[in-house]
Amino acid sequence: MEDVLEVLMPTIVALVTVAGIIGVIYNVRRVNKRDVRSEQEQAELVHFAQERGWNYTAEIPGGAERYVGAPPFRAKGHYLWDRVDGEFRGHTFSCFEYRPRDFDAEDAGTNDHRYFVAFTLTTPTPTPGMIVDQPNMLERADNRFNNAFGLGDKEVKLGSPEFDEDFRILTDDEPFARTVMTDELLRFLLSDPRVKDGPLRFHGNELITWFEGRLRPDGIDPKLNYLCDVLERVPAQTWHSA
């Protein structure tokens, strides 16, 4: 145990230091940068969905519970807002806003004003859970700490130095990860600039990406095209072996 602690001590110190710095930056940004969406923009979103023949639902109480357990869904019992669902490039999709705390416009001074937008595509069959992202320094340190003590999801290394350096794969099912992450998909993720703001999560029968911000009509097609481009590069055998 002492040997483990000796090895991890530099990581723990770095983790605490970086956490403090990120906490300060986050609080400054939260106070000074609020993404306010006007009533007109809200109406434009509804009109956009209707024009496309898609469905629009203003709010779904407890709708986030099915996603809890991985970013950005950290707590149960929260609403999904402005859900849009339909068909895109032959795939069933949904997109919506998620707010980590219940938001009340009359109580705007006490809420944290964090908004996340998630996009999902339905996969042919359910799959094991897996996240593919580009972690920051804090997330990498946290991952090493968890793996050392057998906590959290396992990080899978594919043996590609370039990919393993920039990306992180978290899953308890390594064979699934190796089936999905073909050379073609790795090349795509390494070369496509949309990946920078598009972490990926396989969850149940959905492929998900998300970002911090607000749901607006002009942001829907780019994210859905990105997800379709990823899903269409997943090999067919994945759906037979999942």
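We number each residue from 1, following the sequence as shown.
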Heavy-atom pair with the smallest gap, counting every atom of [X] and [Y]:
X	Y	answer
Arg66	His203	O-NE2, 2.7 Å
Pro135	Phe167	CD-C, 4.2 Å
Glu206	Ser94	OE2-OG, 4.4 Å
Leu186	Leu158	CD1-CD1, 3.8 Å
Gly204	Thr123	O-OG1, 4.2 Å
Thr182	Pro235	CG2-CG, 3.5 Å

Is there a side-chain contact between [X] and [Y] (heavy atoms, below 4.5 Å)?
X	Y	value
Tyr115	Leu215	no
Asp85	Phe96	no
Leu121	Cys228	yes
Phe163	Val132	yes
Val195	Val230	no
Val234	Phe202	yes
Thr127	Trp239	yes

**Complete:** Result for salt bridge (charged side-chain N to carboxylate O under 4.0 Å, His left out) between Glu97 and one of Arg83, Arg37, Arg114 points to Arg37
Quick one: does any side-chain atom of [X] pair with a main-chain N or O of [Y] as donor and acceptor, under 3.5 Å?
X	Y	value
Asp164	Gly159	yes
Thr120	Phe93	no
Thr57	Glu59	no
Thr179	Thr238	no
Arg233	Glu184	no
Arg52	Phe48	no
Arg201	Tyr67	yes

Is the shortest distance from a Lys or Arg side-chain nitrogen in [X] or [Y] to a carboxylate oxygen in the other one below 4.0 Å?
X	Y	value
Asp192	Arg194	yes
Arg89	Glu232	yes
Asp133	Arg168	yes

When rounded to the nearest 0.5 angstrom, what is the spacing between [atom1] in [X] and [atom2] in [Y]?
X	Y	atom1	atom2	result
Arg187	Leu185	CZ	CG	10.0 Å
Asn55	Gln50	CG	CD	10.0 Å
Arg216	Ser38	CZ	OG	8.0 Å
Thr209	Leu227	OG1	CG	5.5 Å
Glu65	Ile60	CD	CD1	12.5 Å
His91	Leu231	NE2	CG	5.0 Å

**Request:** Go through Thr92 and Glu87 one step at a time and tell me if the side chain to side chain donor-acceptor pair (under 3.5 Å) criterion holds.
**Result:** CA-CA 5 Å; Thr92 300; Glu87 297 290 322; 2.7 Å; yes
**Request:** Evaluate the criterion side-chain contact (heavy atoms from CB on, under 4.5 Å) for residue pair Ile220 and Leu224; output intermediate values, then yes/no.
**Result:** CA-CA 6 Å; Ile220 292 178; Leu224 290 179; 3.6 Å; yes
**Complete:** The complete set of ring pair (Phe, Tyr, Trp, His ring centres under 6.0 Å) pairs with one or both residues in residues 204-234, sequence neighbours excluded, reads none
**Prompt:** Under the ring pair (Phe, Tyr, Trp, His ring centres under 6.0 Å) test, which residues partner Phe116, sequence neighbours left out?
**Reply:** none
